[in-house]
**Q** 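I'd like to ask you about the structure that follows.
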Amino acid sequence: MTEKRIDLLSLDTHELTGLLTSWNEPVYRVKQIQRWLYHELADDFAAMSNLPQALRARLAQETRLGALTPLVTQKSADGLTQKTLFQMTDGQTVETVLMRYLDTPGSPAEAADAAQVTRRTVCISTQVGCPVGCPFCETGQAGFIRNLTLGEIVAQVLYFARQEKRAGHALPLTNLVIMGMGEPFMKFNVTWRALEAFTDPARLGLGARRITVSTSGYVDGIRQLAEKDLQVNLAVSLHAADDALRDELVPVNRKYPLRELMRACRDYVRATHRRVTFEYALMDGINDSPAHAQAVAQLLHGMLCHVNLIPLNPTSASAYRRTSAARVKQFENSLRAANIPTTLRVEKGIEIAAGCGQLRQQMSRRAAERQAA
Ligand code: SAH
Ligand code: SF4
């Protein structure tokens, strides 16, 4: 059965006002409802005590508070990382990760529920699958199904915000990264509307500087973001500094080759005065030699940027392997020596398949096995 009710999380302030006006409701109801949705984190219309009974009943009948049902949750051994697979109304699934960080690394497992957690980052998805098809990425290998709606993107954040609030945390979420399944700039408009929902004080009200959006290199999206007056962080998945290799590792490079990508990034820096983060997943024998490091340094020379080296999270379907720790260090040192600010990403929850799209793949493999049995 297709879902007919309006997803309230898919409406911006203007659209919600339009809906309520068409119901002959006073405009101040918009603020009241948004407060319940995004500040009080209500998951039930019955809780919206300052709304008249009749309005609550109508809302419950004709609208819904998001469209995600949690299916499976996995936690890392230290309890700090949690990944949840959600089902949407058409049966498709999408995954979201919550990463908690401690003030004092190495604290015991119970810390997940304790006050030592100083940062809570949600990693959200924008598509079911991904059409870019990077060969080392589980999502890319699974093919593309569809784009998520604004409501489905916002609901991922609200789910974790509600969960952390229920656990008694005063500051449920601190950071947000759009680095889950999918390419966020393929549908720039939806991603932009999501960024508005996250930063709008009447809705989630997160600081733009605490939000990072990662693209595989959609030049159009980078250019559109550069024109917006919102201080979100931009990350670009580089993974290779020459076109031949990048064509293979990040196939969107065939459409937007490095020259165009770098021009867009440099223009972005000029327009926004913000640095760009380049992600570089090190793959054994593929893109991790000293010559590769030198090529990266040359490509980024003189640019306001930062390189984030990522240890590859090996996926079941690909032959790509992780670079040894010694070689990672060597790569990092070469970039630093060339004056490129470089950090090594701390791994989070590899054992719960925290890599992009891996839980979803695991579940569909299990379902296929069950069917075959
Ligand atoms: N589609 C966007 C955002 C989601 S992927 C993009 O590609 O930028 C987020 C980051 O995880 C990207 O840098 C991506 O290249 C990286 N990634 C994907 N699969 C990975 C894997 N198996 N191991 C390490 N990083 C991976
Ligand atoms: Fe898509 Fe990003 Fe995965 Fe590439 S790495 S397939 S762009 S989700």
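Keep in mind that what you see is a predicted model, and the values were worked out from it rather than measured. For the numbers below, each heavy atom of this structure counts, side chains included, while hydrogens, waters and symmetry mates do not. Counting convention: from 1, in listed order, for ligands and their atoms alike.
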**Q** Before we go on, tell me: are the rings of Phe278 and His239 under 6.0 Å apart, centre to centre?
**A**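 No, they do not, as the ring centres are separated by 6.0 Å or more.
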**Q** Show your reasoning for whether side-chain contact (heavy atoms from CB on, under 4.5 Å) applies to Met186 and Gln127.
**A** CA-CA 9 Å; Met186 254 194 70; Gln127 296 180 318; 3.6 Å; yes
**Q** Looking at Thr315, which atoms of ligand 1 are within less than 4.0 Å of one of its heavy atoms?
**A**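 Ligand 1 atoms under the 4.0 Å threshold to Thr315: 22 (N).
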**Q** Short list, please: which atoms of ligand 2 are under 4.0 Å from a heavy atom of Ser216?
**A**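 Answer, ordered by atom number: 7 (S).
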**Q** With a 6.0 Å cut-off (strictly less than), is the heavy-atom count around NE2 of His39, excluding the residue itself, greater than 12?
**A**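 Yes.
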**Q** May I ask you to decide whether Asp288 forms a salt bridge with Arg327, counting only side-chain N to carboxylate O separations under 4.0 Å?
**A**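 A salt bridge is present here (some side-chain N lies under 4.0 Å from a carboxylate O).
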**Q** Below 3.5 Å, N or O to N or O, backbone or side chain included: is there any such pair between Gly182 and ligand 1?
**A**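 Yes: some nitrogen or oxygen of Gly182 is under 3.5 Å from one in ligand 1.
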**Q** Taking only heavy atoms of Gly182 into account, list the atoms of ligand 2 that are under 4.0 Å away from them.
**A**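 Once the distances to Gly182 are compared, the set is 8 (S).
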**Q** Is the closest side-chain heavy-atom distance between Arg322 and Met283 below 4.5 Å?
**A**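 When only atoms from C-beta onward are counted, Met283 and Arg322 do not touch, as no gap falls below 4.5 Å.
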**Q** Within 45 degrees of the ring normal and closer than 6.0 Å to the centroid, is that where the cationic atom of Arg56 sits relative to Phe45?
**A**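 No.
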**Q** As a check for students: among Ser237, Pro311, Cys130, Pro184, identify the option with a heavy atom nearest to atom 6 (C) of ligand 1.
**A**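 Checking each option, the heavy atom nearest atom 6 (C) of ligand 1 is found in Ser237.
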**Q** With sequence neighbours left out, what residues match Phe331 under ring pair (Phe, Tyr, Trp, His ring centres under 6.0 Å)?
**A**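 Ring pair (Phe, Tyr, Trp, His ring centres under 6.0 Å) check on Phe331 returns Tyr280.
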**Q** Closer than 4.0 Å to some heavy atom of Gly133 - which atoms of ligand 2 meet that?
**A**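 Listed by number with element: 6 (S).
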**Q** Check Glu183 against ligand 1 and report side chain, backbone, both or neither, counting heavy atoms closer than 4.0 Å.
**A**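 For Glu183, backbone and side-chain atoms both sit under 4.0 Å from ligand 1.
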**Q** Heavy-atom contacts with Gly140 under 4.0 Å: which atoms of ligand 2 show up? List them by number with element.
**A**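 The atoms of ligand 2 under 4.0 Å from a heavy atom of Gly140 are 6 (S).
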**Q** Ion pair present between Arg254 and Asp243, side-chain N to carboxylate O less than 4.0 angstrom?
**A**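 No, Arg254 and Asp243 are not salt-bridged.
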**Q** So that I can check it, does any N, O or S atom in Cys137 come closer than 2.8 Å to atom 3 (Fe) of ligand 2?
**A**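 Of the N, O and S atoms in Cys137, at least one lies under 2.8 Å from atom 3 (Fe) of ligand 2, which means yes.
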**Q** Please examine the side chains of Ile222 and Phe185, heavy atoms only from C-beta on, and report whether any two atoms are closer than 4.5 Å.
**A**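 Touching, per the 4.5 Å side-chain cut-off.
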**Q** Under 4.0 Å from a heavy atom of Cys137: give me the atoms of ligand 1 that qualify, with their elements.
**A**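 Taking each heavy atom of Cys137 in turn, ligand 1 has 18 (C), 19 (N) under 4.0 Å.
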**Q** Answer yes or no as to whether an N/O/S atom of Cys134 is found below 2.8 Å from atom 4 (Fe) of ligand 2.
**A**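 A backbone or side-chain N, O or S atom of Cys134 is under 2.8 Å from atom 4 (Fe) of ligand 2.
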**Q** Could you say whether the N/O atoms of His239 and ligand 1 ever approach to under 3.5 Å?
**A**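 It does: an N or O of His239 is found under 3.5 Å from an N or O of ligand 1.
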**Q** Just to be sure I read this right, does ligand 1 sit under 4.0 Å from the backbone of Met181, its side chain, both, or neither, counting only heavy atoms?
**A**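 Met181 to ligand 1: no contact under 4.0 Å from either part.
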**Q** What atoms in ligand 1 come closer than 4.0 Å to a heavy atom of Thr215?
**A**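 Those of ligand 1 that fall under 4.0 Å from Thr215 are 6 (C), 8 (O).
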**Q** Once salt bridge (Lys or Arg N to Asp or Glu O under 4.0 Å) is applied, do any residues pair with Arg266, and if so which ones, sequence neighbours excluded?
**A**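 For Arg266 there are no salt bridge (Lys or Arg N to Asp or Glu O under 4.0 Å) partners, ignoring immediate neighbours.
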**Q** Going by an N to O cut-off under 4.0 Å, is there a salt bridge joining Arg146 and Glu152?
**A**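 Here Arg146 pairs with Glu152 in a salt bridge, since their nearest N and O are under 4.0 Å apart.
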**Q** Less than 3.5 Å between some nitrogen or oxygen of Phe136 and one of ligand 1, yes or no?
**A**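 Between Phe136 and ligand 1, an N or O pair is found under 3.5 Å apart.
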**Q** May I ask which of Ser125, Gly180, Cys123 has a heavy atom nearer to atom 4 (C) of ligand 1 than the others do?
**A**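 The residue whose heavy atom sits nearest atom 4 (C) of ligand 1 is Gly180.
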**Q** Relative to the heavy atoms of Met179, which atoms of ligand 1 are at a distance of less than 4.0 Å?
**A**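 Near Met179, the atoms of ligand 1 are 4 (C), 5 (S), 9 (C).
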**Q** Considering only heavy atoms, does Thr139 approach ligand 1 within less than 4.0 Å through its side chain, its backbone, both, or neither?
**A**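 Under 4.0 Å from ligand 1, Thr139 contributes no heavy atoms.
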